[in-house]
Amino acid sequence: MAGHEASLIDRVDGGPVAEHRRSHDDYAVDTDPDAPPEGDRWSSWDGASHGPRPRPDWVITDLGAVEADLGVLKTGKEADVHLVRRWLPGSPDRDVVMAGKRYRASENRMFHRDAGYLEGRRVRKSREMRAMRTRTTYGKTLISGQWAFTEFSTLGVLWQKGLPVPYPVQLSDDEMLMEFIGDADGRAAPRLVQTRPDRALLPELFEQLRTTMMTLAELGWAHGDLSPYNVLLAGEGDSSHLVIIDWPQIVDVIGNPHGPEFLERDARNMGDWFTRRGFEVDTGLLFGDLMAAATSRW
């Protein structure tokens, strides 16, 4: 999700997770024998597509687990991100908060920028390709599903490659659950644009970014919408590290005729931010290195 989405996670009294843990069992009335003993619903794990193995230890797969929605983390053109708590009743050590990305229905999404990103992607049936190209109602539904599936599968590949992305827990029809980047009380890591890191930290952060972009380019890909708005700064001090989010528009640099343009824009957006913060980046040189990496397979 690009743009100036507003984070709604700033809460008092320890954050939304602490508040929920204090209050979820204040009132207990058994009006539905099939309802979970706690929370809003049973775990949505069963029936969803799952992230890559080996899974992190914090992923809860127990079918007896329950879930609760803790509110909206941020909103955007293609999806809203919610905080979702999943826990196993009676097991205090089995309790996790995740980010739930809920994709908008096809008729409520903005498709003005889809065409450039989708070039180079293919589906098997020519009817589906025509529907997507002409933006029929059916075509928009296909595009919506393709964006969600692309982001989920991309995160799985990049996470297995060791790149700094959230772990994708599961994908259902309208929601992707993934690793929440923040603290245990539900306070999200800030977007890079919201931060002013110490100048001494900027070279290390840039090297993290460059390494990630180079690895991505070697795979033949560009993020396609990379900016300080979809890079998170997690940790503090010497443990500070970047985490890159929002991947539905990932671009094949060679297969998409606009691929080099997207790659150059990614490099310029990030290089300009570091330069404004006091660490000068030659964006032309960065773009050249990335293009060389992207074309090295050919």
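Please read all numbers here as calculations on a predicted model, not as lab measurements.
One N or O on the side chain of Asp252 and one on the backbone of Ile254 form a donor-acceptor pair closer than 3.5 Å. Arg265 places a side-chain N or O within donor-acceptor distance of the main-chain N or O of Gly224, the cut-off being under 3.5 Å. Judged by distance alone, with hydrogens and angles left aside, the side-chain atoms of Thr150 form no donor-acceptor pair with the main-chain N or O of Pro248 at under 3.5 Å. Judged by distance alone, with hydrogens and angles left aside, the side-chain atoms of Ser43 form a donor-acceptor pair with the main-chain N or O of Trp45 at under 3.5 Å. Remark: side-chain polar atoms of Glu151 are not paired, donor with acceptor, to backbone N or O of Ala148 under 3.5 angstrom. Side-chain atoms of Asp266 never come within 3.5 Å of backbone atoms of Asn269 as a donor-acceptor pair (strictly under, hydrogens ignored). Judged purely by atom type and a 3.5 angstrom limit, Ser239 has no side-chain atom pairing as donor or acceptor with the backbone of Gly235. The backbone N or O of Asp80 sits nowhere less than 3.5 Å from a side-chain atom of His82 that would complete a donor-acceptor pair. At distances below 3.5 Å, not a single donor-acceptor pair connects side-chain atoms of Ser91 with backbone N or O atoms of Arg94. Listed for the Ser240 side chain is a donor-acceptor partner under 3.5 Å among the backbone atoms of Gly237.
Going from atom CG of Leu242 over to atom CD of Glu204 covers 8.5 Å, rounded to the nearest 0.5 Å. How far CG of Asn230 is from CD1 of Ile244: 8.0 Å, rounded to the nearest 0.5 Å. With rounding to the nearest 0.5 Å, the separation of CG in Leu219 from CE in Met214 is 11.5 Å. The line from CD of Glu218 to NZ of Lys161 is 10.0 Å long, rounded to the nearest 0.5 Å. Put simply, NZ on Lys101 and CE on Met98 are 16.0 Å apart, with the number rounded to the nearest 0.5 Å. Summarising the geometry, atom CG belonging to Asp238 is positioned 7.5 Å from atom CG belonging to Leu201; distances are rounded to the nearest 0.5 Å.
Looking only at atom types and distance, the side chain of Trp58 has no donor-acceptor partner in the side chain of Glu179 under 3.5 Å away. With no hydrogens or angles considered, a side-chain donor-acceptor pair links Ser44 and Gln170 at under 3.5 Å.
Under a hydrophobic clustering in which Ile, Leu, Val, Met, Phe, Trp and Tyr are joined whenever their side-chain heavy atoms come within less than 4.5 Å, directly or via other members, Leu70 and Leu88 fall into different clusters.
Residues Leu83 and Gly186 come closest through the heavy atom pair CD1-O, 3.6 Å. For the residue pair Ala189 and Leu232, the shortest heavy atom distance occurs at O-CD2, 3.8 Å. Closest approach of Phe274 to Leu209, counting heavy atoms only: CE1-CD2, 3.7 Å. Contact record, Val281 with Thr275: N-OG1, 3.1 Å, taken as the closest heavy-atom pair. In terms of heavy-atom proximity, Arg102 sits nearest to Val84 at NH2-CG2, 3.8 Å. Of all non-hydrogen atoms in Trp42 and Val66, the two that sit nearest each other are CE3-CG1, 4.0 Å.
Annotation: side chain of Asp225 is not in contact with side chain of Asp246 (no heavy-atom distance under 4.5 Å). Counting heavy atoms from C-beta outward, Tyr167 and Val59 have side chains that approach closer than 4.5 Å. Within the 4.5 Å cutoff, the side chain of Leu202 has heavy atoms near those of the Arg277 side chain. Residues Met270 and Pro228 are in side-chain contact: their nearest non-hydrogen atoms beyond the backbone lie under 4.5 Å apart. Residues Thr61 and Arg55 have side chains in contact (heavy-atom distance under 4.5 Å, counting atoms from C-beta outward). With a 4.5 Å cut-off on side-chain heavy atoms, Ser153 and Pro168 do not count as touching. At least one side-chain heavy atom of Leu158 sits less than 4.5 Å from a side-chain heavy atom of Trp221. Using a 4.5 Å heavy-atom threshold, the side chains of Val193 and Val231 count as separate.
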**Prompt:** Passes salt bridge (Lys or Arg N to Asp or Glu O under 4.0 Å), Arg210 versus Asp289? Steps please.
**Reply:** CA-CA 10 Å; Arg210 186 182 185 281; Asp289 289 344; 2.9 Å; yes
**Request:** Might you work through the salt bridge (Lys or Arg N to Asp or Glu O under 4.0 Å) test for Arg86 and Asp95, ending with a clear yes or no?
**Result:** CA-CA 6 Å; Arg86 177 182 290 171; Asp95 194 331; over 6 Å; no
**Request:** Tell me, with the steps shown, if Leu226 and Met213 meet side-chain contact (heavy atoms from CB on, under 4.5 Å).
**Result:** CA-CA 10 Å; Leu226 191 60; Met213 294 183 73; 3.9 Å; yes
**Request:** Starting from the C-alpha separation in whole Å, work towards a yes-or-no answer on side-chain contact (heavy atoms from CB on, under 4.5 Å) for Trp273 and Leu192.
**Result:** CA-CA 9 Å; Trp273 183 87; Leu192 195 59; 3.6 Å; yes
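One finds a salt bridge joining Arg268 and Glu264 here, because a Lys/Arg side-chain nitrogen approaches an Asp/Glu carboxylate oxygen to under 4.0 Å. For Asp69 and Arg85, the salt-bridge test fails: no basic side-chain N is under 4.0 Å from an acidic carboxylate O.
Looking at Ile60, Asp40, Leu177 one by one, the single match for side-chain contact (heavy atoms from CB on, under 4.5 Å) with Glu67 turns out to be Leu177. Each of Phe262, Trp247, Tyr229 was checked for a ring pair (Phe, Tyr, Trp, His ring centres under 6.0 Å) with His223, and the lone residue meeting it is Trp247.
In this pair, Phe206 and Phe279 present their aromatic rings tilted. The plane angle is within the 30 to 60° band.
Other residues, nucleotides and ligands contribute at most 12 non-hydrogen atoms within 6.0 Å of the CD atom of Glu280. By the 6.0 Å contact criterion, CD on Glu236 is open, its count of non-hydrogen atoms from other residues, nucleotides or ligands being 12 or less.
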